Amino acid sequence: MAKRPAYSNLCKALEAGHFVFTGELEPKKILQEGVEEVIHSAKEMRKTNRIIAANVTDGPQGDAYMCSMVPSYLVQREAEIEAVWQVAVRDRNRVALFGDILGGAVLGLKNILVLTGDHTALGDNKKARPAYDIDSTQFCELLKKMIDEGTDYAGKEITDGKIEMNYGCVANPNAVGDYMEPEILKVGRKVEQGIDFIQTQTAFDIDIAKNFINELSRYKVPILLGVFPMKSYGIAWYFDNYIPGVSVPKDLLKALKTAEKENKGDKKAKYAALDKVNVEFFKPFIKEIKDNSKASGVHCMAVEYERLFQPLLGEYPEYVKEFY
Amino acid sequence: MIITKQKSVEQIWAMIKDYDKILIAGCDGCCQPPRSINEAKVLGQLLELKAKTEGKELKWKAITVLRQCDDRIAATTCRTQVEGFDAVVSLACGLGVVMMNKVLPDILTFPAQDSHFGGVQNLGENSFIQYCETCGNCLLGVTGGVCPIAGCAKHLSNGPCGGTVDGMCEVGGYTRPCAWIEIYKRLKKFNRLDLFTIYRPARDYRSATSPAYMTINKDYTNIKEEEEEKANG
Ligand code: SF4
């Protein structure tokens, strides 16, 4: 099968060889006001001219949140930044997924990030029955059929027109040692099902990250490495203690703690100190990934931490201007 | 084995509180942990006590049935016994409760148990585990004998998901092994990672549609085919 065209700006920028950045937005249990905040964050991303698209999460941690489709649309309309619409197979069967994708296509959404989704047993409605009718690889196959062949999963035709979308999947760089091979092989199945890009989960260890990228690069699919600058010590502590499989480096934790402690009562100074810690850790980290790995970009998961974009990414070219 | 858990006395009481005389039927079939005549007796005593605290008197009798899910056994054992009782409480799995309601059409049989899954005792441990979900679409031939339908919390055909950490599953707080890592290890051991790598398309859930139904007559004779052959010359 011929390679799918780059329909989205994200994929066009990747195709053009730019080192790209994506950001992350998290609609929670919100209505209008919350959506305005999400849009505000998206506008800040757009302003950088370095973040080409913004991921919009779909019930992370299995929590019951606002759907990801509507904020994806609103972000594109109001903030003029492309959304990476995250869609988990946890809550919808193949029939509902198909219907949603048709709807999203009409709304002009261009990127889908395919996810299994954290189990409802982890979320805030633990008694729910999750769907998992198809898994994330099968969802990739569904998207392949929809985009490339114009049909649903059963092969029934979409009657009017063509879907122009690109889709990607996630990979976990923290699967190390014996656990790396199954992780890499599993991504291989999704490559077979036509993914256009990979966004990884958060990495903090540069050697582990580079090694993982190197292994993944066998598939010749653009890889965006996930990084997670933390806007407070509390967030870092939570992440370190409650997100299994990833630990925040001790030095970084300590530096964030000191930054808060030494500037207690002075908000401005505290923010400056926290930002400095993040920039000192992540700026060289990103540079190393750009210069010495096969990654095509970085997915920056700093949700609601807009003020870091300039100091962190300010030195990179404003390539986004070419696409809007 | 059908792995069951007894309902609380309060739950059972809530179902039978309007009856004065109940027959409590244990089952000697595959229900695990066992629920036989002694368990039926203990339940009778507990319900009697509960009735007393509610200011009522409850008469009960405990019996046991070889297999409540077998229509002939259930009928011959119980039909003569139910005479004079207001209700039956069954300690069998859901299959037994349904069958008792069928073979004893003039009396209501209530469940004393929640039926959880078809499972086995976990290798030497004091626990039960579901190794097969009777999904009607067996994948064990390509997964090294580990079932990803029963064993994976998300029933994935192409795992593992991103929720596995050091070989454990995100569901259950990383206390249970990730089925897909087990599958990987098994296949690697036998040098069959080719099976791990293959893509498995979406399952056909018609085989798991409830209520499940299977006619055996057609599959267990060749008579019809011969007749058809004759008819076709
Ligand atoms: S961690 Fe493993 S067993 Fe658990 S849901 Fe994911 S793939 Fe399934």
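Worth saying up front: this structure is predicted, and the values here are computed from it rather than measured. Numbers restart at 1 for each chain; the letters A, B, ... are given by sequence-line order, proteins then strands.
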Asker: Give the interface residues of residues 200-228 of chain A toward chain B, defined by a heavy-atom separation under 4.5 Å.
Answerer: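 Checking residues 200-228 of chain A against chain B gives Gln201(A).
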
Asker: Using non-hydrogen atoms and a 4.5 Å limit, figure out which bit of Asp133(A) sits close to chain B: side chain, backbone, both or neither.
Answerer: both

Asker: Report, as yes or no, whether the 6.0 Å neighbourhood of atom CG on Asn191(B) holds more than 12 heavy atoms from other residues, nucleotides or ligands.
Answerer: no

Asker: For chain B, find which of Val246(A), Leu185(A), Asn172(A) contributes the most heavy-atom pairs closer than 4.5 angstrom.
Answerer: Leu185(A)

Asker: Please determine whether side-chain contact (heavy atoms from CB on, under 4.5 Å) holds for the pair Glu181(A) and Leu193(B), giving the CA-CA distance in whole Å, both sets of side-chain angles, and the decisive distance to 0.1 Å.
Answerer: CA-CA 10 Å; Glu181(A) 189 177 30; Leu193(B) 281 183; 3.6 Å; yes

Asker: What's the separation between atom SG in Cys161(B) and atom CZ in Arg90(A), rounded to the nearest 0.5 Å?
Answerer: 11.5 Å

Asker: Looking at every non-hydrogen atom in both residues, tell me the closest pair between Pro182(A) and Pro160(B) and how far apart they are.
Answerer: O-CD, 4.2 Å

Asker: Quick check for you: to the nearest 0.5 Å, what is the distance between Asp135(A) atom CG and Asn158(B) atom CG?
Answerer: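 CG of Asn158(B) is found 4.5 Å from CG of Asp135(A).
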
Asker: Just checking heavy atoms, which of residues 174-186 of chain B are less than 4.5 Å from chain A?
Answerer: Tyr174(B), Trp180(B), Ile181(B), Tyr184(B), Lys185(B)

Asker: How far does NZ of Lys186(A) sit from CZ of Phe196(B), to the nearest 0.5 angstrom?
Answerer: 9.0 Å

Asker: Just to be sure I understand the criterion: a residue of residues 146-155 of chain B counts if one of its heavy atoms is under 4.5 Å from a heavy atom of chain A. Which ones qualify?
Answerer: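 Under the 4.5 Å heavy-atom cut-off, Ala153(B), Lys154(B) qualify.
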
Asker: Considering only heavy atoms, which portion of Thr137(A) lies under 4.5 Å from any heavy atom of chain B: side chain, backbone, both, or neither?
Answerer: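 Contact with chain B involves both backbone and side-chain atoms of Thr137(A).
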
Asker: Who among Gly177(A), Ala121(A), Gly245(A), Pro244(A) has the most heavy-atom pairs with chain B under 4.5 Å?
Answerer: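 Option with the greatest count: Pro244(A).
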
Asker: Relative to chain A, which of Leu156(B), Asp166(B), Leu187(B), Val171(B) shows the most heavy atom pairs under 4.5 Å?
Answerer: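 Most pairs with chain A among the choices: Asp166(B).
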
Asker: Determine whether the side chains of Glu141(A) and Tyr199(B) contain a donor N or O and an acceptor N or O closer than 3.5 Å.
Answerer: yes

Asker: What are the residues of residues 1-9 of chain B, in order of number, with any heavy atom under 4.5 angstrom from a heavy atom of chain A?
Answerer: none

Asker: Should we say atom CD of Glu157(A) is surrounded by more than 12 heavy atoms from elsewhere, each under 6.0 Å from it?
Answerer: no

Asker: Count the heavy atoms of every other residue, nucleotide or ligand shown that sit under 6.0 Å from CG of Asp178(A), and state whether that count exceeds 12.
Answerer: no

Asker: For the residue pair Arg203(B) and Gln138(A), what are the closest heavy atoms and their distance?
Answerer: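 In terms of heavy atoms, the two residues are closest at N-NE2, 4.4 Å.
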
Asker: In terms of heavy-atom proximity below 4.5 Å to chain B, should Phe139(A) be classed as side chain, backbone, both, or neither?
Answerer: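 Interface part for Phe139(A): neither.
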
Asker: Heavy-atom distance under 4.5 Å to chain B: side chain of Pro130(A), backbone, both or neither?
Answerer: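 No part of it gets close to chain B.
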
Asker: Counting neighbours of NZ on Lys189(B) that are heavy atoms of other residues, nucleotides or ligands and sit closer than 6.0 Å, is the number greater than 12?
Answerer: no

Asker: Return yes if some donor-acceptor pair links the side-chain N/O of Glu170(B) with the main-chain N/O of His119(A) below 3.5 Å, else return no.
Answerer: yes

Asker: For Tyr205(B) and Tyr132(A), which heavy atoms make the closest approach, and how far apart are they?
Answerer: OH-O, 3.9 Å

Asker: Above 12 or not: heavy atoms from other molecules or residues under 6.0 Å from NZ of Lys156(A)?
Answerer: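 Not buried by this count: 12 neighbours or fewer within 6.0 Å.
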
Asker: Quick one: what part of Arg94(A) sits under 4.5 Å from any heavy atom of chain B, side chain, backbone, both or neither?
Answerer: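 Contact with chain B involves the side chain of Arg94(A) alone.
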
Asker: Chain B heavy atoms under 4.5 Å from Asp118(A): which part of the residue, side chain, backbone, both or neither?
Answerer: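 Backbone plus side chain of Asp118(A), per the 4.5 Å heavy-atom cut-off to chain B.
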
